[in-house]
A.B. asks: 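First the structure, then my questions, so here it is.
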2 protein chains.
Amino acid sequence: MSQPNPSELAVLKHLWSSGPQSAREVHDAVGPGQAWKASTTRTIINRLEDKGWVVRRDVHGLAVYDAALDRTRTLGGLVRHFARQVLDMSGPLPAALFAESPHLSDAELDDLDAIINAAETQDSEGEA
Amino acid sequence: MSQPNPSELAVLKHLWSSGPQSAREVHDAVGPGQAWKASTTRTIINRLEDKGWVVRRDVHGLAVYDAALDRTRTLGGLVRHFARQVLDMSGPLPAALFAESPHLSDAELDDLDAIINAAETQDSEGEA
DNA sequence: ACGAATGCGTTACATATGTAACGAACAGGC
DNA sequence: GCCTGTTCGTTACATATGTAACGCATTCGT
């Protein structure tokens with residue numbers, strides 16, 4: 001399953017909330033917070049593209065990137081992984097407790113519940 | 001703050017639940033689950049020792065290791081970090097969320113609440 | 001038309017992490 | 001006393017991640 005690292009996640013989160021962005025736009029938004037130089041931001045974006053986690057579109061000669069991963073699935077996967085691997089929780093996880101996250105809308109919380117639990121299909125398990 | 005990586009955490013969790021153990025004992029317990037060769041288990045233990053996260057004691061010539069990190073503080077730190085960095089939760093976090101974890105006793109859950117929240121002292125903040 | 005700014009591909013290098021072998025030393029069994 | 005299993009220190013190497021510079025091509029302002 002797609003487990004973006006912290007740097008990649010920072011970029012993805014921006015794309016999720018702001019939609020398709022150019023490298024410069026991404027940098028202006030997340031660069032400062034990460035204390036990245038522009039070239040670093042670009043490297044992260046390139047690696048995301050290599051992994052197929054963002055798609056690149058050419059808009060009048062300018063590269064614009066868009067998240068290729070689904071926000072809820074990705075966050076849900078990270079949550080499930082954390083709960084299982086770090087806290088050794090095995091049963092169903094209560095998604096409602098993540099309602100605090102500004103990254104998840106009410107609608108998404110519904111999906112999250114399903115994803116966190118039912119979908120044992122793309123974490124440790126159904127990897128094949 | 002102490003943020004053990006997944007491998008290190010696997011070893012620490014075993015030491016926390018089983019108490020001081022020899023390298024062999026640790027390996028017999030966590031090696032299979034991690035699909036580690038004995039030498040790999042030893043490497044992880046050595047790195048933990050280098051970081052001062054386990055202490056080594058000599059028992060009649062045999063090295064016995066014990067966790068030097070507090071279980072609740074460590075887990076709490078990981079939880080706080082995850083909630084803040086991954087889910088961008090900023091307010092107080094409900095410790096009850098982790099009641100499911102077999103790694104935390106009821107008594108520890110009380111501490112956890114305090115640690116997760118009040119102790120912004122050793123994550124991103126008071127690092128100095 | 002020319003210089004400055006910008007976008008982008010390429011390349012680099014350090015540290016962290018995963019994963020493990022090798023060899024010396026020592027302890028017991030026979 | 002010798003073979004064997006065990007312990008432990010040392011060393012190694014690949015991949016992942018953090019972090020960034022460099023140089024070329026292009027564009028835009030003047």
Side-chain angles (χ1 to χ4, degrees), chain A residues 1-14 20-66 69 74 78 81-82 85-86 124 127, chain B residues 1-14 20-66 69 74 78 81-82 85-86 124 127:
Chain A
M1 157 113 266
S2 329
Q3 301 271 229
N5 63 39
S7 304
E8 295 167 341
L9 189 60
V11 170
L12 285 172
K13 286 199 292 197
H14 176 59
Q21 303 270 298
S22 68
R24 159 164 297 283
E25 289 170 321
V26 171
H27 179 65
D28 288 346
V30 317
Q34 307 282 319
W36 283 340
K37 296 294 169 60
S39 59
T40 300
T41 303
R42 279 163 184 290
T43 298
I44 301 303
I45 294 175
N46 288 336
R47 288 179 183 171
L48 276 167
E49 200 196 345
D50 289 344
K51 296 179 181 179
W53 294 347
V54 297
V55 285
R56 175 185 184 147
R57 197 169 25 114
D58 213 271
V59 177
H60 306 302
L62 179 64
V64 167
Y65 303 89
D66 195 8
L69 293 185
T74 302
L78 290 171
H81 188 265
F82 182 80
Q85 309 307 306
V86 177
S124 16
E127 192 59 50
Chain B
M1 156 114 262
S2 330
Q3 302 271 215
N5 63 39
S7 304
E8 294 167 341
L9 189 60
V11 170
L12 284 172
K13 287 199 291 198
H14 176 59
Q21 303 271 298
S22 68
R24 161 167 296 285
E25 289 171 321
V26 171
H27 180 65
D28 288 346
V30 316
Q34 306 282 318
W36 283 341
K37 296 295 170 60
S39 58
T40 300
T41 304
R42 280 164 181 288
T43 297
I44 301 304
I45 294 176
N46 288 334
R47 288 179 182 170
L48 276 168
E49 200 196 344
D50 289 343
K51 296 180 181 178
W53 294 347
V54 298
V55 285
R56 175 187 185 145
R57 197 168 25 114
D58 214 270
V59 178
H60 306 301
L62 180 64
V64 167
Y65 303 88
D66 195 8
L69 293 184
T74 302
L78 290 171
H81 188 264
F82 181 80
Q85 310 306 307
V86 177
S124 16
E127 192 59 50

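Per chain, numbering begins at 1; letters A, B, ... match sequence-line order. All values below come from the heavy atoms of this structure, side chains included, with hydrogens, waters and symmetry mates left out.
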A.B. asks: What's the separation between atom OG1 in T74(A) and atom CG in L9(A), rounded to the nearest 0.5 Å?
C.D. replies: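 Rounded to the nearest 0.5 Å, the OG1-CG separation comes to 8.5 Å.
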A.B. asks: What pairs of residues pass the side-chain hydrogen bond (donor to acceptor under 3.5 Å, both in side chains) test when at least one of them lies in residues 41-64 of chain B, not counting sequence neighbours?
C.D. replies: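 Found E8(B)-K51(B), H27(B)-T41(B).
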A.B. asks: Between atom NE2 in H60(A) and atom P in dC8(C), what is the gap in whole Å?
C.D. replies: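 After rounding, the reported distance stands at 14 Å.
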A.B. asks: List the atom pairs, with distances to 0.1 Å, where a side-chain N or O of residues 32-40 of chain A and a protein N or O form a donor-acceptor pair under 3.5 Å, not counting sequence neighbours.
C.D. replies:
none

A.B. asks: Rounded off to whole Å, could you give me the CG-to-C1' distance for the N46(B) and dA20(C) pair?
C.D. replies: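 Taking atom C1' of dA20(C) as the reference, CG of N46(B) is at 13 Å.
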A.B. asks: Look up atom OG in S7(B) and atom CD1 in I45(B), then write down how far apart they are to the nearest 0.5 Å.
C.D. replies: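 If we round to the nearest 0.5 Å, S7(B):OG and I45(B):CD1 are 11.5 Å apart.
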A.B. asks: Expressed in angstrom and rounded to an integer, what is the separation of K37(B) atom NZ from dT19(C) atom C1'?
C.D. replies: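 Computing the K37(B):NZ to dT19(C):C1' distance gives 9 Å.
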A.B. asks: Taking only nitrogen or oxygen atoms into account, show me every contact under 3.5 Å that the protein makes with nucleotides 6-8 of chain D, one pair per line with its distance.
C.D. replies:
from   : atom 1 : to     : atom 2 : distance (Å)
dT7(D) : OP2    : R24(B) : NE     : 2.9
dT7(D) : OP2    : R24(B) : NH2    : 3.0
dC8(D) : OP1    : A63(B) : N      : 2.6

A.B. asks: Let's see if you get this right: which residues in residues 25-34 of chain B place a heavy atom under 4.0 Å from DNA chain D?
C.D. replies: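 Under 4.0 Å from DNA chain D: no residue of residues 25-34 of chain B.
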A.B. asks: Rounded to the nearest 0.5 Å, what's the gap from CZ on F82(B) to NE2 on H81(A)? Could you check?
C.D. replies: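 The distance works out to 10.0 Å.
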A.B. asks: Between dG9(D) atom C1' and D50(B) atom CG, what is the distance in whole Å?
C.D. replies: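 That distance rounds to 12 Å.
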A.B. asks: Taking all non-hydrogen atoms of both residues, which atom of S2(B) and which atom of P4(B) are closest, and how far apart?
C.D. replies: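 Smallest interatomic distance, heavy atoms only, reads O-CD, 3.2 Å.
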A.B. asks: With the criterion being N/O to N/O and under 3.5 Å, what pairs connect the protein with nucleotides 14-18 of chain C, and how long is each?
C.D. replies:
from    : atom 1 : to     : atom 2 : distance (Å)
dT17(C) : OP2    : K51(B) : NZ     : 3.4
dG18(C) : OP1    : S7(B)  : OG     : 3.4
dG18(C) : OP2    : N5(B)  : OD1    : 3.4
dG18(C) : OP2    : S7(B)  : OG     : 2.6
dG18(C) : N7     : R47(B) : NH1    : 3.0
dG18(C) : O6     : R47(B) : NH2    : 3.2

A.B. asks: What do the steps show when you test V26(A) against I44(A) for side chain to side chain contact (heavy atoms under 4.5 Å, CB included), and what is the final call?
C.D. replies: CA-CA 11 Å; V26(A) 171; I44(A) 301 303; over 6 Å; no
A.B. asks: Please name all residues satisfying side-chain contact (heavy atoms from CB on, under 4.5 Å) with D66(A), sequence neighbours left out, ordered by chain then number.
C.D. replies: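 P20(A), V55(A).
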A.B. asks: Just verifying a value: how many Å separate D28(B) CG and S22(B) OG, rounded to the nearest 0.5 Å?
C.D. replies: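 Taking CG in D28(B) and OG in S22(B), the distance rounds to 7.5 Å.
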